[in-house]
Each structure stands twice: as C-alpha cells, then as structure tokens.
Chemist: 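A single structure is presented below for examination.
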Number of protein chains: 2
Amino acid sequence: MYPNFISHIRKYVELDDHSVARLNQYISPLKLKRKEFLLKEGQICQSIYFVEKGCLRMYFIDDKLNEQITQFALEHWWIADHFSFLDNKPSPYFIQTIEKSEILAISTTSFEEMLRELPQMERYFRIIVQRAVAASQLRLKYMYEMSKEEFYQHFSTTFPEFVQRVPQYMIASYLGLTPQYVSELRKKKL
Amino acid sequence: MYPNFISHIRKYVELDDHSVARLNQYISPLKLKRKEFLLKEGQICQSIYFVEKGCLRMYFIDDKLNEQITQFALEHWWIADHFSFLDNKPSPYFIQTIEKSEILAISTTSFEEMLRELPQMERYFRIIVQRAVAASQLRLKYMYEMSKEEFYQHFSTTFPEFVQRVPQYMIASYLGLTPQYVSELRKKKL
DNA sequence: TTCATTTCTTAAACCAGCTTAATTTTTTAT
DNA sequence: ATAAAAAATTAAGCTGGTTTAAGAAATGAA
C-alpha cells in the first residue's frame, strides 16, 4: 500500500500484517502538486506528515518578509510543527511541497487513538523522535562550530542530492545565507 | 524518593505505586559536586541524565579551543548526547555540573529493559522527546529570526533565572556570542 | 581574611557576510 | 515554441559582531 511508510516502521519495530491493516485506519493519503500547502501560518498543525514520495519545506516569514526555511523533508522523513501539534497552538510556519508529492497524514486524534491501539507505534515514534533530537543536536553543533562558508561547503558535499533537487535560494535560506553569498561561494569553488 | 522525577513523569502518564517501585530498579542516583563530569569527549554517552537538583551544561571544544556550550539543564530537565546514546558512538561532548547537583542516570541497558517492562515509560519518553523536538524547533526559529543582540535580550528577559545562576560567559557561549560583546550589550542597556 | 583563580569590562582595529541594485540565465506555463 | 516569471549572478559599499590585549572586579578555597 505505502511501501516506504511500512518499511520505515519495520526498520524500528515489529509489525505483523494485522497491525498494518489496522494502521491504515489512521492514515490519510494525500496527492499534492508542486507548491501546495499542508499548513499555513496562523493555522493549527493538525497532523504530522510522512513523505512517501516527493519533497517538502517548512518556513516562516521573517520581519523583512523573507521566507526563512527551517526544515526540508524528503522520502521517509516526518515533518510537523511539533509545538503547534502537541499544544494546539497556531503555527508560525508554512509547510509546502517543493515537488509533486505523495504524503501520509496522521491527525492529532488519529495519532492518539493509534498509539493507544498499537503500542509498537508508541515505541516507533519514541525512537524516531529521539533520532530527530539527535539530528537536531548535530545540526546545532555544526552551526556553532562552522563559519557560514564552511557550513555551505559541508552541506553541499554531505547532501549532494539536495543541491540537485532543491533551488539554490532555498538551500541558502535553510543555511541562513543570502542567495548572493551562496552564488559568490560557488564561483569561488570553481 | 526522587520527588521531582516522579512528579515529572506523573505530569504526562499514569504511574501507580507498584510501577514507581519497579522504576527505581533502573535508576542510579548520583550526588555530584561543582564542576564534576558525567561525560567527557571521546566516551560513549552510556546514560541519559535527569536533573533532580542543580544545574548542568553540555559543551564541546571547537577548533579554536573554545568551550562551546550547546545545552543547559536545570531541575526536571533531561540531558544526553542522543546520537552517542542511541548508536553507541563516541561523543564529542562534555556534560558537567555547574553547581552541586543530584542527578538520576538511566543506562542504555536499563533504559531498554525499563521500556519493555513499563510501557507507560515508553509513552512518557515519546512525549518528552517530542517536546524536546518542539523546543529545539523554537530555538532554531529564534536563531533564524533574531540578530545576536535581540537573541541575547530575548534570552535574558525570558530566562532571568539563568542569568542569576550561570556565569555570564557561559550564557554568551550558549548564545554564540563573545563574552566581550555581551558585556557591551549589558552596558548599552543601562 | 587573604590569595589565587575565575569572571567581567573596556576599547580599537578588523572582516565575514549582508545590502542594494542592476543584469543575465533558467524554468514554467500555455 | 514563446512569453512571462522565477532564479542566479555580479559588484561595490557597508556594518554587526569578532579579535586582540590589558586591566579591574568578583568569587571560592583554605
């Protein structure tokens, strides 16, 4: 049904076929075109989203009206504004497709029911959320220790698939650089 | 026994007295003086730590030999290098007490056993780790949208208890500023 | 209380990365 | 294919925050 989703879960917990069938009850599949929104500023983030296929970005508008990208999500990544999702607060973020994408959504209420019915999923989410914390600790360490130039070079060599797939100005935004500066850095490297 | 610990868990999940008794099996209490280490660079982070009383910092040494603080932990906060803890990799971090502290440690193996025996704890950790992700999303948003001056002013008005308790140069380090610049900002504000 | 250590301040020179603004190239929709 | 829109480049001037170097003040240990 959703091969990336199921195989991702089975990487971390055991899940028999009956549980897979039950799991489907809680999931809403979405087919989205390029530049469609899953969340807009001011809305409550009512679901967490799994990228079955495609690519998303999460961003907010800063005081100079720039779109500041804080996260990307490719295949088998989860994305949400967790603060908004957990506490039902309006989100400052937009979540938008960068390409045509297939997304699985689990709403707040489905999430709660699913975790009650399927304790393996409680375990699965504990593990992947813990991995998300590990990833954000690492990202933060890079931000502390690298200059912006190093940070860009590191990112583009570590994740070349992103540089292929995502416009350069979005990578600049994610890394906290101006597009002009990225352009300068690329020129310098050749 | 450990009032902050138990009441913190009971904020998020139900835990009967029998479970509390079982829980104690998995916990190692530590009494530490000022400036003692729970983790040093190169070691594997074998435990996650709960601050029952006191104050910790987590930092690494950057290429200019500065101590870069990435996290603090006060009462009822958890702290660990999650990447090292999950994957048994050597950590680049130091975790050290700032004051005399009482810490509860749960080792990798205890953690696994505890989660198997007490499913409420799986749920508890899923929730608090999800909250940690929410907190780090928020922190990152602040880093994107604020100048270093704003970031300092925001931090010191939002967490005045930190400014009381932690030396100024550590706050500077945590915020990614030089101590000299913080000094300048304070002068400016008076 | 005293000394040694740690922490904080001051000030001037410096620079990584931003701003502004105009032009060119690439991509998308029809 | 073609026009319109979106993305990338170039270059000059500027600034927020760092670096370097001393000295002053606060704190902890004995």
Side-chain angles (χ1 to χ4, degrees), chain A residues 32-36 54-55 57 59 61-69 72 94 96-101 142-156 162-190, chain B residues 32-36 54-55 57 59 61-69 72 94 96-101 142-156 162-190:
Chain A
L32 300 175
K33 287 183 289 194
R34 197 168 164 272
K35 299 202 179 186
E36 289 198 275
C55 181
R57 64 172 180 153
Y59 67 92
I61 308 288
D62 71 14
D63 47 2
K64 287 163 201 149
L65 305 182
N66 292 318
E67 296 175 353
Q68 282 288 359
I69 297 173
F72 292 116
F94 298 81
Q96 188 193 33
T97 55
I98 295 177
E99 319 167 345
K100 192 171 79 166
S101 301
Y142 290 145
M143 292 176 75
Y144 275 101
E145 74 187 339
M146 292 181 192
S147 70
K148 297 208 160 181
E149 175 167 3
E150 290 169 326
F151 199 37
Y152 172 76
Q153 301 298 359
H154 174 83
F155 181 86
S156 56
F162 263 98
V163 180
Q164 299 303 318
R165 210 162 159 182
V166 171
Q168 189 171 303
Y169 80 94
M170 288 193 187
I171 290 171
S173 172
Y174 175 74
L175 297 174
L177 317 180
T178 59
Q180 293 88 329
Y181 190 52
V182 167
S183 192
E184 192 180 303
L185 292 176
R186 293 187 70 205
K187 183 172 57 168
K188 202 163 141 185
K189 203 59 188 289
L190 299 184
Chain B
L32 300 175
K33 287 184 286 194
R34 197 169 164 270
K35 300 203 178 184
E36 288 199 275
C55 181
R57 63 171 181 152
Y59 68 92
I61 308 287
D62 71 13
D63 47 3
K64 287 162 202 149
L65 305 182
N66 293 318
E67 296 176 353
Q68 282 286 359
I69 298 174
F72 292 115
F94 298 81
Q96 187 193 33
T97 55
I98 296 178
E99 320 167 345
K100 192 170 79 168
S101 301
Y142 290 145
M143 292 175 76
Y144 275 101
E145 74 187 339
M146 292 182 192
S147 69
K148 298 207 159 179
E149 175 167 4
E150 290 169 326
F151 199 36
Y152 172 75
Q153 301 299 357
H154 174 82
F155 181 85
S156 55
F162 263 97
V163 181
Q164 300 304 318
R165 211 160 157 183
V166 172
Q168 189 171 303
Y169 79 95
M170 288 194 187
I171 290 172
S173 172
Y174 175 75
L175 297 174
L177 317 179
T178 58
Q180 293 86 329
Y181 189 52
V182 168
S183 192
E184 194 180 302
L185 291 175
R186 294 185 71 207
K187 182 171 59 165
K188 203 163 142 184
K189 203 60 189 289
L190 299 183

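Residue numbers begin at 1 in each chain, while the letters A, B, ... track the order of the sequences.
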Chemist: With a cut-off of less than 4.0 Å, is there a side-chain N or O of B/Gln168 near OP1 or OP2 of C/dT6?
Modeler: no
Chemist: Could you tell me the boundaries of the chain B footprint on DNA chain D, defined by atoms under 4.0 Å from its heavy atoms?
Modeler: D/dG17 to D/dA21
Chemist: Please state how far atom CG in B/Leu185 lies from atom C1' in C/dC8, giving the value in whole angstrom units.
Modeler: 14 Å
Chemist: Rounded off to whole Å, could you give me the NZ-to-C1' distance for the A/Lys35 and C/dA29 pair?
Modeler: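 The answer, rounded to whole Å, is 12 Å.
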Chemist: Identify the two heavy atoms, one from A/Ile171 and one from A/Phe162, that lie closest to each other, and give their separation to 0.1 Å.
Modeler: CD1-O, 3.9 Å
Chemist: Closest nucleotide of DNA chain D for B/Arg34 versus for B/Glu150: which of these residues is on the 5' side?
Modeler: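 Closer to the 5' end of DNA chain D: B/Glu150.
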Chemist: To the nearest Å, how far apart are B/Ile98 CD1 and C/dT6 C1'?
Modeler: 14 Å
Chemist: Rounding to 10°, can you tell me the angle the first-five-pair axis of the helix from C/dT1-D/dA30 to C/dT30-D/dA1 makes with its last-five-pair axis?
Modeler: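 It works out to 80° between the end axes.
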Chemist: Do A/Ile61 and A/Glu67 touch side chain to side chain, with heavy atoms closer than 4.5 Å?
Modeler: yes
Chemist: Once you apply a heavy-atom cut-off of 4.0 Å, does A/Glu184 come out as touching a base, just sugar-phosphate, or nothing?
Modeler: nothing
Chemist: Check the distance between C/dT9's P and B/Leu177's CG and give it to me in whole angstrom.
Modeler: 14 Å
Chemist: Can you confirm whether A/Glu99 sits close enough to A/Arg165 that some side-chain heavy atom of one is under 4.5 Å from a side-chain heavy atom of the other?
Modeler: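 Yes. Closest side-chain heavy atoms under 4.5 Å.
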Chemist: Just call it for B/Tyr169: base, sugar-phosphate, or nothing, with non-hydrogen atoms closer than 4.0 Å on any strand.
Modeler: sugar-phosphate
Chemist: Look at A/Tyr181 and C/dG17 and indicate whether a side-chain polar atom (N or O) is within less than 4.0 Å of OP1 or OP2.
Modeler: yes
Chemist: Between C1' on C/dT24 and NZ on A/Lys187, what's the gap in Å once rounded to a whole number?
Modeler: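 In whole Å, C/dT24 C1' and A/Lys187 NZ are 14 Å from each other.
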Chemist: Would a 4.5 Å heavy-atom cut-off, applied to side chains only, mark B/Lys148 and B/Leu175 as touching?
Modeler: no
Chemist: OP1, OP2 of C/dT9 versus side-chain N and O of B/Arg186: anything below 4.0 Å?
Modeler: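 Yes, because at least one side-chain N or O of B/Arg186 sits under 4.0 Å from OP1 or OP2 of C/dT9.
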Chemist: Quick one: does any side-chain atom of B/Ser101 pair with a main-chain N or O of B/Leu32 as donor and acceptor, under 3.5 Å?
Modeler: no
Chemist: Figure out the NZ/C1' separation between A/Lys33 and C/dA29, and round it to whole Å.
Modeler: 12 Å
Chemist: Mind calculating the distance between CD (B/Gln164) and P (C/dT7) to the nearest angstrom?
Modeler: 17 Å
Chemist: So do A/Tyr174 and A/Phe155 actually touch side chain to side chain, heavy atoms under 4.5 Å?
Modeler: yes
Chemist: With the side chain counted from C-beta on, respond yes when B/Asp62 and A/Tyr144 share a heavy-atom pair under 4.5 Å apart, and no when they do not.
Modeler: no
Chemist: Can you find a heavy atom in the side chain of A/Tyr142 that is under 4.5 Å from one in the side chain of A/Glu150?
Modeler: no
Chemist: With hydrogens left out and only the distance checked, is there a donor-acceptor pair under 3.5 Å joining A/Gln180's side chain and the base of C/dT19?
Modeler: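 Looking at the base of C/dT19, it does not pair with any donor or acceptor on the side chain of A/Gln180 (distance under 3.5 Å).
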Chemist: Can you check whether B/Tyr59 reaches B/Phe72 side chain to side chain, under 4.5 Å on heavy atoms?
Modeler: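 Not touching, per the 4.5 Å side-chain cut-off.
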